[in-house]
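All heavy atoms count here, side chains included; hydrogens, waters and symmetry mates do not.
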There are 2 protein chains.
Amino acid sequence: MTAAPTPRVTIKDVAARAGVSKGAVSLAFNHKPGLSESTRDRIFRAARELGWAPNLTARTLAGSRVDVVGLAVCRPARVLGLEPWYMEFVSGVESVLAEHSCSLLLRLVRNLDEEVGVQASWWRGRQIGGSILVDFRADDPRVGLVERLGLPVVAVGHPSLTGGLTSVWTDDATAVTEAVRYLAALGHRRIARVGGAAALGHTAIRTAAFDEAAGALALAGAWQVATDFSGDAGARATRSLLTAAPPDRPTAIVYDNDIMAVAGLSVAAEMGLRVPEDVSLLAWDDSQLCRLTHPTLSAMSHDVHGFGAEVARTLFGVITGDEAAGSHPVPTPVLTPRGSTAPPR
Amino acid sequence: MTAAPTPRVTIKDVAARAGVSKGAVSLAFNHKPGLSESTRDRIFRAARELGWAPNLTARTLAGSRVDVVGLAVCRPARVLGLEPWYMEFVSGVESVLAEHSCSLLLRLVRNLDEEVGVQASWWRGRQIGGSILVDFRADDPRVGLVERLGLPVVAVGHPSLTGGLTSVWTDDATAVTEAVRYLAALGHRRIARVGGAAALGHTAIRTAAFDEAAGALALAGAWQVATDFSGDAGARATRSLLTAAPPDRPTAIVYDNDIMAVAGLSVAAEMGLRVPEDVSLLAWDDSQLCRLTHPTLSAMSHDVHGFGAEVARTLFGVITGDEAAGSHPVPTPVLTPRGSTAPPR
DNA sequence: CGCACTCCCTTAACCGGTTCAGTGATGAGT
DNA sequence: ACTCATCACTGAACCGGTTAAGGGAGTGCG
């Protein structure tokens, strides 16, 4: 992959035109002291006339900042393609990065090992100034990797999963408990949960919290199923849950994302069950999608865009060193009741 | 944004350990001739022992390849957050980039001017080796920009919009015509289209094709509405179309993406209209979403993932110079009938 | 008048690679 | 024995910035 030849304007050209040295131009463009106002003006004028902007590659090499942050996402492309959560998260991250003229280096990887390799080579190759780590699992190898490399990161996940890394997280356990309590308060005694990928740490946390809540409330029935977050898996899980005869059938189902909830809605319709009369459905990661269905989906909603923004802000703090390692909880998802939840008949 | 200090292994260390010069290491790692097998082995062994990988920044600066390609997406973040098309497209692009150990530099921009600035600074700053340009509009300023810069790009859009740039495109006009003919063949005489953003070139192409098809078939009624691709806009448009009394009401609606079609489905339900008995709906950009609704959505389907992959492959061709400028049509979307289309009552 | 102190700006080394001219050793050809 | 290639490798310049050290001019002060 070789670049096409193009005559490029360099700092030397600007310096020559402004009648100063390269160093002076550098000082001006980094807003460092030691230049008179008039020289500064002349330099900026010359740069503007030549259409010059500092070469970031050279700047990086010379050892100052790196204005790229990395994000490697480890999930099959097909699933990712549909998950609104990711795009909202990315757009939140982007919104903050853009303010700093910083870009996002995105890479889809097939597994954790590949991610470990990508992060290491990005950092060693000075491609990134820091990274965002998502989808933690128990004993995640990235914790050790990051420490070995000295790579500045923000981990998205519960502190119990992210080791000593600076983390930003939502309190999934509390949210799950709230969801179950809400359904129980409506009168549901048989509640199911269609969870995400079993390997992920936050799925395990939700699973445990669900069990505990179900026990505390002494529910008559509590089921949990693991999926891969895809709509198809959500549909399959729902179908199998609703197949049982009424006394053994859940009257309410909680989903781990919104796409599976949409799928569940359609399965209920296909099976001739009315929502919410015959079965209540509760989505997670409230995206626009939840308001576009009929009935609209009640959801545990959650400002994913703002979450992404907070992650990016924290990462800047880590990179500049202003941020002491620690954990940043963001507001717990709150229940937004809509048309898909009601007392059981 | 300053990087944390980390002792890094450089080419010099590897050279010293292997007892050769920097140049020799460089030759070895670029698989260039001029080294004996034994020296080559010694170099690779030394590199492995030290955990060294070439610094991409330095490599880039020294004037060889750049293994990053750019993508600036120009749309309000909220909308992007929801469009499955983009994530599928990105994942298709990624799948090919990954084979070449190449990453995607992603940036959300608010308008075309900003995109022009971003592309220019990426290229001038040698941040990217090439770029993918999407969402063309009439007289798009990017055509001229790219030629001025000499930036290798692939334009996603009809050749009439992308000037002399190498382009990859789907035949929207034919697809729209096919959609209208299909609905007409079912017996529909009053057909509406809920289009995308009016400023976009492909929207204009679809709009013109719809008009022409409607004329050719002498439909009794043909309406078109422009939106911003969001679910809310799709819902509003549908509501206003279906508000008219039966003789003036469309019996079939075509949408420009799938998220608006989902919204349309829910509006029909909300208004007490049955789909497809009272009104047929036809989606575009067939994502998994179309199979998750009830009824399932008929759609003009289209391998978006493969489309992204083709775009990436073409871009590699352009960057290496193997690719003569030209236009690459990919297969026209084909109609996939499902549960949301039927003859009118 | 001489000295110290600022203020502005220049110089040169450096970041970590690539590349190319050049060097010495070896072998073939005459 | 001498030239001429070929091969394997080295050395130094270079990519386009940053940065620390240094230098010259102008001012304040004893």
Side-chain angles (χ1 to χ4, degrees), chain A residues 1-3 5-43 46-47 50-67 121-127 129, chain B residues 1-3 5-43 46-47 50-67 121-127 129:
Chain A
M1 194 165 163
T2 27
T6 314
R8 302 195 194 231
V9 181
T10 76
I11 198 173
K12 223 184 293 180
D13 304 314
V14 176
R17 182 176 249 262
V20 295
S21 68
K22 293 199 306 175
V25 177
S26 178
L27 291 180
F29 267 77
N30 290 295
H31 303 102
K32 298 208 171 175
L35 288 183
S36 66
E37 266 319 304
S38 64
T39 320
R40 220 172 268 276
D41 283 352
R42 240 180 327 128
I43 291 172
L50 294 171
W52 179 79
N55 178 323
L56 294 180
T57 303
R59 212 176 224 190
T60 299
L61 185 55
S64 65
R65 62 203 143 320
V66 178
D67 353 37
S121 85
W122 275 349
W123 176 243
R124 294 217 181 91
R126 286 239 187 186
Q127 298 248 97
Chain B
M1 193 165 165
T2 26
T6 316
R8 301 195 195 235
V9 182
T10 77
I11 198 173
K12 222 185 297 179
D13 303 315
V14 176
R17 182 176 250 262
V20 295
S21 68
K22 294 200 305 174
V25 178
S26 178
L27 291 180
F29 267 78
N30 291 295
H31 302 103
K32 297 207 173 174
L35 287 183
S36 67
E37 266 317 305
S38 65
T39 323
R40 218 173 271 276
D41 283 351
R42 234 175 337 122
I43 291 172
L50 294 171
W52 178 78
N55 177 323
L56 294 180
T57 303
R59 210 176 226 188
T60 299
L61 183 56
S64 66
R65 63 205 144 320
V66 177
D67 14 28
S121 85
W122 275 349
W123 176 243
R124 295 215 183 93
R126 288 240 187 181
Q127 298 248 95

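Taking each heavy atom of A:S26 and A:N30 in turn, the nearest pair found is O-ND2, 2.8 Å. Listed here is the closest heavy atom pair of B:A46 and B:V14: CB-O, 4.0 Å.
If you measure from atom CZ of B:F29 to atom C1' of C:dG17, you get 12 Å, rounded to the nearest angstrom. If you measure from atom CG of B:L50 to atom P of C:dG17, you get 12 Å, rounded to the nearest angstrom. Atom NZ of B:K32 and atom P of D:dA8 are 17 Å apart (whole Å). Atom NZ in B:K12 sits roughly 15 Å away from atom C1' in C:dT18 (whole-Å rounding). With rounding to whole Å, A:R59 atom CZ is found 16 Å from D:dC15 atom C1'. The distance between atom CG of B:L61 and atom C1' of C:dT19, rounded to the nearest whole Å, is 14 Å. When rounded to the nearest whole Å, the span between CG of B:L35 and C1' of D:dT10 equals 11 Å. Separating the CG atom of A:L27 from the P atom of C:dT10 is a distance of 10 Å, rounded to the nearest angstrom.
When distances run from any side-chain atom of A:A58 to the nucleotides D:dG16, D:dC15, D:dC9, the shortest one goes to D:dG16. Ranking D:dG17, D:dC15, C:dC9 by closeness to the A:I11 side chain, first place goes to D:dG17. Nearest to the side-chain atoms of B:P54 among the listed nucleotides C:dG17, D:dG17, D:dC9 stands C:dG17.
Contact annotation for B:S36: backbone-only contact, meaning every heavy-atom pair under 4.0 Å involves sugar-phosphate atoms and none involves a base. At the heavy-atom level, A:T10 lies under 4.0 Å from the strands shown only through sugar-phosphate atoms. Within the nucleic acid shown, B:V20 comes within 4.0 Å of sugar-phosphate atoms alone, with no base atom in reach, counting heavy atoms only. Note on B:K22: a base of the nucleic acid sits closer than 4.0 angstrom, heavy atoms only.
Between B:S26 and C:dT18 there is a side-chain N or O to OP1 or OP2 distance below 4.0 Å. Neither OP1 nor OP2 of C:dC15 sits under 4.0 Å from any side-chain N or O of B:T57. Within the structure, a side-chain polar atom (N or O) of B:N30 is placed less than 4.0 Å from OP1 or OP2 of C:dT18. At least one side-chain nitrogen or oxygen of A:T39 sits closer than 4.0 Å to the OP1 or OP2 atom of C:dC9.
Proximity of A:Q127 to B:T60: side-chain heavy atoms (C-beta onward) are nowhere separated by under 4.5 Å. Within the 4.5 Å cutoff, the side chain of B:L35 has heavy atoms near those of the B:I43 side chain. A heavy-atom distance below 4.5 Å is not found between the side chains of B:I11 and B:F29.
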